[in-house]
Amino acid sequence: MQNRNKNAFTSASYNELVSRLCDSKLTTIGNYRLEKVIGEGSFGKVYLASHILTSSKVVLKSTSRKHAIPLAREIHHLRQLKHPNVTRLYEVVCTKDSIFLVLEYCPGGELYEWLYKETRFEEDVCCRILWQLCQGVRYIHNTGCVHRDLKLENVFLDKQYNVKIGDFGLSRESDCSRRTFMNTRCGTVAYTAPEIVLGQKYIGEFVDIWALGVIMYALLVGKLPFDEDDVNLTKSRIVHSTPVLPESLSAEAKDLILMLLQKNYQQRPSLDKILTHSFFTSRGYHVSDVTKARSTKKAEEKVRSRLALVGVDMEELDKSLSELRCDALYGWWFLLLERELRKETRKQRRGSTPHKTKDRSLKFFAVPSSPSVKEMTISATPMRADYKSYGKSSSLLTTFREWLFHPKYNPEKTPFNSDAGGDILCSSYSSGTVEGKQTSNTEVHSVSKNQCSPEFNRISLGKQQTSLYKQGSDADVSDNMNTYAAMLSTSSDSNHSHFSSSSLNFGRPPDDKDSNGRGVERSSSNASSFKSVGKKAWRSRSLSNVSSASSNSLISIVSSKPTPSAPAIAKSCSSIDPLQKLHLPRKDTTSLMRHNASAIRVLALPRRLSQSTYMKHINEPAFQEEEEEEAENNDG
Ligand SMILES: Nc1ncnc2c1ncn2[C@@H]1O[C@H](COP(=O)(O)OP(=O)(O)OP(=O)(O)O)[C@@H](O)[C@H]1O
C-alpha cells in the first residue's frame, strides 16, 4: 500500500515537472509569480505579480532588450528615489530577451482613469492629490532629477488613493541649484511648456511645474487647458493663450493655476512657494506636514536578523544595498522592510486605539461624526435598469463603477439569496446638466454590512448590487461614492447595529431584460455620447464633454411595499423614518425583488460636503493590509 502511494507520488511529481518544463506560458520571472497582464506599456506588457518569498504584490513591467539604453536612464533615476509619492523600484530582472522592472503596485490605477470617470474633482479632492503630487515632485527635484513627462497617465494611486508618480522614462539628472539647461524636446504636447514649444533651452524643474499647472487645471475643470485637434493649434495656444478658468473655481484655485501656467518660466513659483499657497493652507495643508523620512532602524534590524537566520550573506546584502544593485536580494530586502514597517504602523495604531476590535464592520462605522444631513424626497421615477458586469478590472474605482452598472442581472448573485448578514439599501439620486440637457438619476442598490472591508476602503461593493434604476446619464457616478460617504456619516452618528439585521426587498421594472434574460443596453444619449468618444480618442482630446451641475446623494432604506409610482415614492419618502430598522423575510426574495420596492426616506448631503467626507474616510488607516495582518498572525 505504502509502495503504491510512493509510486503515485513520484509519477505525479515527474508529470508536473514535465508539464512545467514544456509549458511555453510565462508563469514566473525570478522570484515573482506572474498573476495577470494589467497593462501594456510602449515597450511591453505590464504584469501583476507576487513575490514568492514575501507574497507582496508588485508590478512587472517588461521591456525588450532592444530598449536597454533608454531603460537604463529610467532605472538609474528610479532606484535612487525612495518617497511615499513616487513608485518604488524593487528589482530589475534580466532574461535573454527582456528586462523586467519590478515596481510598486498601485491598485488605484492611473489618475487619468479617475478623472475620466469622475469628469472633474472637487477642490478639496484636487487639493489632496496636488499636495501629494507636489511633495513627490519636490523630492524628485531635490534628489537632482527632473521627470519631464508629468501627466495624468503617469500619476498612479495606491490602495489608499495616495499619489505615486511613475514612468521615469524621460527623466534626467538636473541640478536645481545650478539650473541645468536642456534641449531635448520630450513629453506629451498638451503638457508641454511654452519654452519647449518655442524650441528654447529649458530648465527641467520649471517644465515639471508647468505640467503640474496642466494637471491641476484638468483635475478641476475636467479638460486640458490647451488641447486642440490640431497639434499646431495646441502649440500656439500653449504659447499665446491664457487658459479659460470657470467662474465656479475659488479665487485661490484660479490664482495657483495661473501662477503655475506662467508663460515666462522665470515667473513660475518654486515648489516651496507652491506648497505654501493659500489653495493648500486654507485647507489646512502646511509645509510642516510634509512627509518626513521615517526612521526605519528598528524594522531594518528585524529584517536583518530574519535574513541572517535563513542564511543570507550579510556582506552581500550590504553591497547590494549600497550599490543600488536592484538584484534579488535588494528586492527581497525592501519588500520585507516595507512589510515590517507596515506591521509597526499597525502595532502603533493598535496601541493608540483604546478599544481594538477585529470586526472590520465596526471599524467601518467608526468614522468621524457626520455632517448635517438634510431630508429630501425623490423627484425622479425609476424608469429602467442598466446592468454591467463588475469585478473584472484591477482598478478599485473601475470595479466600483462596473458594479454599479451590472449588465447581466443575476438574482442568484444577490445578497438576498445568500446567507450574508443584514443588508443596507442605498439609493442615490443626482441631477445635473449633461451637454445642456437636464438629467436626473435614481439608483438603488444594496450593500451587505458584512461586506465592509478594505477592498473599497469602507465598503466592498462587489457582487452586492441587486438592482439599479437609472434615468438620464451616468455622468455623476461620483455621487454614488457620496452615497456611501453619506451612509458612513449617518451610520456613525447612530449605532451601526441598527443596520445589522435589516434585509430588504425591492423590485425592478418588468422591461429591463430582453427576451434572453440579458440586461438592456443603456440607451441614454448622454451616456452614449460620453462613451462614444472612445477612451483613447478622448484621452488625446479634451478630458470630458460632460458638465455636471448640482447633484445630491441620498440614502434610502426600503420596505416591501409594491413598486410605487413617482408621486407615491415621494409620498412615502416623506412619511417614514429614514433610519427605520427593517426585518424582512429573506426567503423567496427573488420573486419579491421583481415586484416589491419602495423607498422610505431619502437623506441628502450636499455633494461637496460628502465628497470631502469621502476623501477623509479614504485616508483612514484602519483598512489597510488585511492579508498582511493574516500573514502576521501566521508568522506568530
Ligand atoms: N505601478 C503600477 N501599478 C499599477 N498599474 C501599473 C503600474 N505601472 C503601470 N501600470 C499599468 O500598466 C499600464 C502601462 O504602464 P505605463 O504607462 O507605465 O507604460 P509605458 O511604457 O510608460 O507606457 P506609455 O509610455 O505609453 O505611458 C498603465 O496604464 C497601468 O494601467
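Order of listing sets the numbers, starting from 1, for every ligand and every atom in it.
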For this session: State plainly whether the residues R268 and E195 are in salt-bridge range, i.e. N to O under 4.0 Å.
Result: yes
For this session: Name the orientation class of the two ring planes belonging to W332 and H51 (parallel below 30°, tilted from 30 to 60°, perpendicular beyond 60°).
Result: tilted
Problem set entry | Min N/O separation K61 to ligand 1 under 3.5 Å | yes
For this session: Determine whether any heavy atom of E113 lies closer than 4.0 Å to an atom of ligand 1.
Result: no
Problem set entry | Heteroatom proximity flag, S42 to ligand 1, N/O under 3.5 Å | yes
Exercise. Is any side-chain N of the basic residue among E113 and K117 closer than 4.0 Å to the acidic one's carboxylate O?
Worked result: yes
Problem set entry | Test of ring centre spacing under 6.0 Å for Y202 and F206 | no
Exercise. What are the atoms of ligand 1, with element, lying closer than 4.0 Å to any heavy atom of V59?
Worked result: 2 (C), 3 (N), 4 (C)
Seminar exercise, completed: Under 4.0 Å from one or more heavy atoms of G39, ligand 1 contributes atoms 12 (O), 13 (C)
Exercise. What are the atoms of ligand 1, with element, lying closer than 4.0 Å to any heavy atom of G41?
Worked result: 14 (C), 19 (O), 20 (P), 21 (O), 23 (O)
For this session: Could you tell me whether D167 and ligand 1 have an N or O pair separated by under 3.5 Å?
Result: yes
Seminar exercise, completed: salt bridge (Lys or Arg N to Asp or Glu O under 4.0 Å) pairs touching residues 85-109, sequence neighbours excluded, are R88-E338, E104-K164
For this session: Establish, from distance only, whether the side-chain atoms of R138 and N85 form a donor-acceptor pair under 3.5 Å.
Result: no
Exercise. Against heavy atoms of V46, which atoms of ligand 1 measure under 4.0 Å?
Worked result: 9 (C), 10 (N), 12 (O), 14 (C), 15 (O)
Exercise. Can you find an N or O of E104 that's nearer than 3.5 Å to an N or O of ligand 1?
Worked result: yes
Problem set entry | All pairs passing salt bridge (Lys or Arg N to Asp or Glu O under 4.0 Å) where residues 67-76 contributes a residue, at least two apart | K61-E74
Exercise. Do any heavy atoms of E110 fall under 4.0 Å from ligand 1?
Worked result: yes
